[in-house]
Number of protein chains: 2
Amino acid sequence: MTLVLHDGLEHATLDAICESAGVSNRTFFNYFDSKEDAILGLTDSEITDDSVAEIMAAYPAADVVELTVRLMIGVINPSITSSKLLKSRMKIVKLHPHLLGRFALQIQRMHDQLTTAIRPMLAAAPGFADQSPEESELSADVILSLCSGAARAAVKEWTTTGNKAPIEAVEDRAIELVRNTVKRLK
Amino acid sequence: MTLVLHDGLEHATLDAICESAGVSNRTFFNYFDSKEDAILGLTDSEITDDSVAEIMAAYPAADVVELTVRLMIGVINPSITSSKLLKSRMKIVKLHPHLLGRFALQIQRMHDQLTTAIRPMLAAAPGFADQSPEESELSADVILSLCSGAARAAVKEWTTTGNKAPIEAVEDRAIELVRNTVKRLK
DNA sequence: TTGCATGAGTGCAAAGTTGCAATTGCGTAG
DNA sequence: CTACGCAATTGCAACTTTGCACTCATGCAA
């Protein structure tokens, strides 16, 4: 963060970062998938059956959309909330908005995991129970895309307008964006 | 395509491709943004006011979703329909499904263009006319994500199940996916 | 004919990324 | 004490991608 804020995103080279951190180039990539991921603090978190169960327990009344959004934000949550670095991170993101795209990629990375995660819930959902497996998979893809768009928009709004509310508010905001848009689309 | 089909996606190096094509490495990147884009035949197409007007003239009754989907498919249309290479391309995509993600990136690349393109239509749409500019931008982001997900799903379905129908069917299918999902989400 | 602007193509160097093989340190079974 | 396995780290080479500077052919104006 220091190097990036001091030298700019492009001029802070990996070699400089690694030397400053006292590790080798190769070790860096053992912990982060890319330079940008490291800046955002994104690590390879996994969506397990446990995490799904946890969310479902915490929000018993959640439907597919709510569950999906909370899982997604849960994935990028640690990278946003990690306290001290927060302000620097927001400063950098404001300077380089394209970093926000990384959140979408992070989610795309676990697209498959999310597909299987929401599949059983989708099969049981009121509006989707009658679908064939093929149709259900297509629906899952579309819903995932819808939710990730809302999540990205919510995070973007949160980082660009200063963070008045805690992270839960971003979750709720993203869910609201989905609901709102669906309703307006009739 | 020949090299990729013969050596595999990873073993067909840029150097080999460039030598086979009789151009330099650097020239390659003057025409394609990446190796994968070249395989899919994706070039830097632009969404102009003209192309928007054209679609609107062709489909006078189209709403925001329909317009957006047709614009998106229009962007990746040439890379799908270009005749001869079609079968090879589908074979490769079936072997490396992650290439489909490139379509989403291609659309993300012109996210801003699409935002401004659908903005006026969104402001006039029945369900969205009352929104503030900020809310409208958020809605646009969510709708773009929703449509790109449906477009990608439709293309995926089209390439994996053999291409019975022409490209227009993919557009219609993607629109149907959006409508269907929105309706089921209530 | 000369000079110049333009655009396409190229070479080169630097940076990010990844697979593979080798090394190191450490705890544990024999 | 030794040998072994395991995980973290590293070096190295190959590959993709990008910015910059250079050449060269073409065409056009003076």
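Here is how names work: the chains are called A, B, and so on, in the same order as the sequence lines, proteins then strands, and each is numbered from 1.
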Asker: Is there a residue in residues 18-34 of chain B whose heavy atoms reach under 4.0 Å of DNA chain D, and which residues are they?
Answerer: B/N25, B/R26, B/F29, B/D33, B/S34

Asker: Flag the pair B/R109 and B/D37 as a salt bridge only when some basic side-chain nitrogen lies within less than 4.0 angstrom of an acidic carboxylate oxygen.
Answerer: yes

Asker: Given atom CG of A/D37 and atom P of C/dG16, what is their separation to the nearest angstrom?
Answerer: 14 Å

Asker: Taking atom P of D/dC15 as reference, at what distance in whole Å does atom CG of B/L9 sit?
Answerer: 14 Å

Asker: Check the distance between C/dA13's P and A/D15's CG and give it to me in whole angstrom.
Answerer: 17 Å

Asker: Grab the CG-P distance between B/L14 and D/dT17 for me, whole Å please.
Answerer: 6 Å

Asker: Going by side chain to side chain contact (heavy atoms under 4.5 Å, CB included), B/V170 matches just one of B/V155, B/I175, B/T159. Which one?
Answerer: B/V155

Asker: Between B/R179 and B/D172, is there a salt bridge with N-O shorter than 4.0 Å?
Answerer: no

Asker: Between atom NE2 in A/H11 and atom P in D/dT18, what is the gap in whole Å?
Answerer: 17 Å

Asker: Expressed in angstrom and rounded to an integer, what is the separation of B/K35 atom NZ from D/dT18 atom C1'?
Answerer: 17 Å

Asker: Using a strict 4.0 Å threshold on nitrogen-to-oxygen distance, state whether A/D141 and B/R152 make a salt bridge.
Answerer: no

Asker: When the distance from CD1 of A/I17 to P of C/dT17 is rounded to whole Å, what number comes out?
Answerer: 10 Å

Asker: What is the distance, to the nearest angstrom, from the CG atom on A/L3 to the P atom on C/dG16?
Answerer: 12 Å

Asker: Verify the distance criterion only: is there a donor paired with an acceptor across the side chains of A/E36 and A/H98 at less than 3.5 Å?
Answerer: yes

Asker: For the pair A/F128 and A/I143, evaluate side-chain contact (heavy atoms from CB on, under 4.5 Å) and give the outcome as yes or no after the intermediate values.
Answerer: CA-CA 12 Å; A/F128 298 86; A/I143 290 175; 3.9 Å; yes

